[in-house]
Amino acid sequence: MSTVTLAAGTRSTGDTRRRSRAGFWLALAILGTLIVLAALAPLVTPYSPTDQDLTNRFAGPGGAHLLGTDSYGRDVLSRLIWGGRSSFVAVTIAVGVGLTVGLPWGLGAGYGPAWLRMLLLRAADAFLAFPALVLAVAITGVLGPDLVTAMCAVGIVFAPVIARLTAGGVAQVRRSEYVLGAQLAGCPTHVTLLRHVLPNAVGPVIVQATLFSGLAFIIEAALSFIGLGIQPPTPSWGGDLNNAYQHILSAPNQVLAPGVLIAIVVMATYRIGDEVRDRLSGLGSAPAAEQSRRKSE
């Protein structure tokens, strides 16, 4: 009985892993396809995303317009592809700013003296006390609505979380034998940090940055939806969703394309983040498992 149960459990685990890998590759294929389409937007879009044809408003899908037209007679498919370019650029800015600010912040907190660690971590706590979207809206409202401004604000919101994760990883790694050996060998502090400490402490940060990408899509769409992100007539998924929402009673199908696309991209990004987390966790647990096996022998 126990052998049968063990075999069934092994098959179930194998099936789960295969489904997990299949979901990961599907998510990667979806994001890769959208990134390629966005990069080649001038070549693959059938129409200009800003050309208006008021005689052809709210045209249904099919014919000359595969996904129909919006309230200004603009081709929905073309606007979605061009809006993808804006969204991917926005996410890159947000995550890039978060890493640029958060990594040095966390390195200083994790490797510096106790007083510096306390100061930097308390500053991170102060930022984290504010909801991310509210803080992004406040910064964007002060500096003015613009894609770069909005996503820099989002990156600043991400930075404290990255700083705390980096500080925790550095605090664990800094007492390792290879770090102490580098210090005894006379390595400069910046060499020790960049060559020995950061590569071994950055795993959780990579996972969090991947998950932040999905959140950045949502925040970028939300900011554009309320008019603090990409400004019309420049195409954006959040802006197009806002335009469709204004006509939801007369043309309810207009909200489907941008809304579904945002949901698909966010879910695909989170799925990739989950896989990255699982793989990094497996790499991290491998040495411990090997040590346990050797001790048992």
Side-chain angles (χ1 to χ4, degrees), residues 31 35 38 84-112 116-117 119-173 193-194 197-224 228-230 236-238 262 265-277 280:
L31 277 184
I35 291 173
R85 170 178 284 196
S86 302
S87 294
F88 287 117
V89 169
V91 170
T92 302
I93 293 173
V95 176
V97 170
L99 292 173
T100 302
V101 176
L103 284 176
W105 190 345
L107 282 174
Y111 199 79
L116 181 61
R117 175 182 177 85
L119 178 64
L120 293 177
L121 291 182
R122 293 295 78 78
D125 291 339
F127 273 93
L128 291 173
F130 296 93
L133 183 57
V134 173
L135 187 58
V137 169
I139 295 175
T140 307
V142 172
L143 299 179
D146 177 73
L147 173 63
V148 176
T149 300
M151 300 322 292
C152 285
V154 175
I156 293 173
V157 172
F158 290 165
V161 179
I162 294 174
R164 291 197 66 90
L165 286 173
T166 305
V170 170
Q172 291 180 349
V173 170
L193 285 172
L194 296 179
V197 175
L198 186 59
N200 294 285
V202 79
V205 176
I206 295 175
V207 176
Q208 192 63 47
T210 308
L211 298 177
F212 272 158
S213 299
L215 181 58
F217 276 110
I218 298 175
I219 295 179
E220 185 275 329
L223 291 174
S224 297
L228 293 178
I230 300 171
S236 70
W237 294 343
I262 292 171
V265 170
V266 171
M267 287 190 293
T269 304
Y270 282 152
R271 181 65 198 86
I272 293 173
D274 289 341
E275 185 69 19
V276 171
R277 179 199 60 203
L280 288 177

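Worth saying up front: this structure is predicted, and the values here are computed from it rather than measured. Computed from heavy atoms alone, side chains included, the values below leave out hydrogens, waters and symmetry copies.
- Ser86 and Ile230 make their closest contact through CB-CD1, 3.2 Å (heavy atoms, listed as atom of the first residue, atom of the second, distance).
- Looking at every heavy atom in both residues, Ile156 comes nearest to Pro160 through O-CD, 3.1 Å.
- Here the closest heavy-atom approach between residue Ala38 and residue Gly84 is recorded as CB-C, 3.8 Å.
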Checklist entry - For Val154 and Leu223, what are the C-alpha separation, side-chain angles and deciding distance, and is it a side-chain contact (heavy atoms from CB on, under 4.5 Å)? => result CA-CA 10 Å; Val154 175; Leu223 291 174; 4.1 Å; yes

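- We find the CZ-OG1 distance between Arg164 and Thr166 to be 11.5 Å, quoted to the nearest 0.5 Å.
- Here the OH-CD1 distance, from Tyr270 to Ile218, works out to 4.5 Å after rounding to the nearest 0.5 Å.
- For the pair Leu99 and Pro104, the tightest heavy-atom approach, listed with the atom from each and the gap, is O-CD, 3.9 Å.
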message: side-chain contact (heavy atoms from CB on, under 4.5 Å), that's the test. Do Asn200 and Gln172 meet it? Break it down for me.
response: CA-CA 10 Å; Asn200 294 285; Gln172 291 180 349; over 6 Å; no

Next item on the list: List the steps and the verdict of side-chain contact (heavy atoms from CB on, under 4.5 Å) for Trp237 and Ser224.
Entry: CA-CA 8 Å; Trp237 294 343; Ser224 297; over 6 Å; no

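- In this structure, Phe88 CZ and Glu220 CD are separated by 10.5 Å, a value rounded to the nearest 0.5 Å.
- Note that CD of Gln208 and OG of Ser213 are 10.0 Å apart. Values are rounded to the nearest 0.5 Å.
- At a threshold of 4.5 Å between non-hydrogen side-chain atoms, the residues Trp105 and Ile162 do not count as touching.
- Here the closest heavy-atom approach between residue Ala150 and residue Gly229 is recorded as CB-CA, 4.4 Å.
- Each of Val205, Val207, Leu103, Val170 was compared with Leu165 under the side chain to side chain contact (heavy atoms under 4.5 Å, CB included) criterion, and only Val205 meets it.
- With rounding to the nearest 0.5 angstrom, the CD1 atom of Ile272 is 8.0 Å from the OG1 atom of Thr210.
- When Leu215, Leu211, Asp274, Leu31 are each tested for a side chain to side chain contact (heavy atoms under 4.5 Å, CB included) with Thr269, only one passes: Leu31.
- One distance of note links CG of Asp125 with CG of Leu120; it measures 11.0 Å at 0.5 Å rounding.
- The heavy-atom pair separating Ala171 from Arg117 by the smallest distance is CB-NH1, 4.0 Å.
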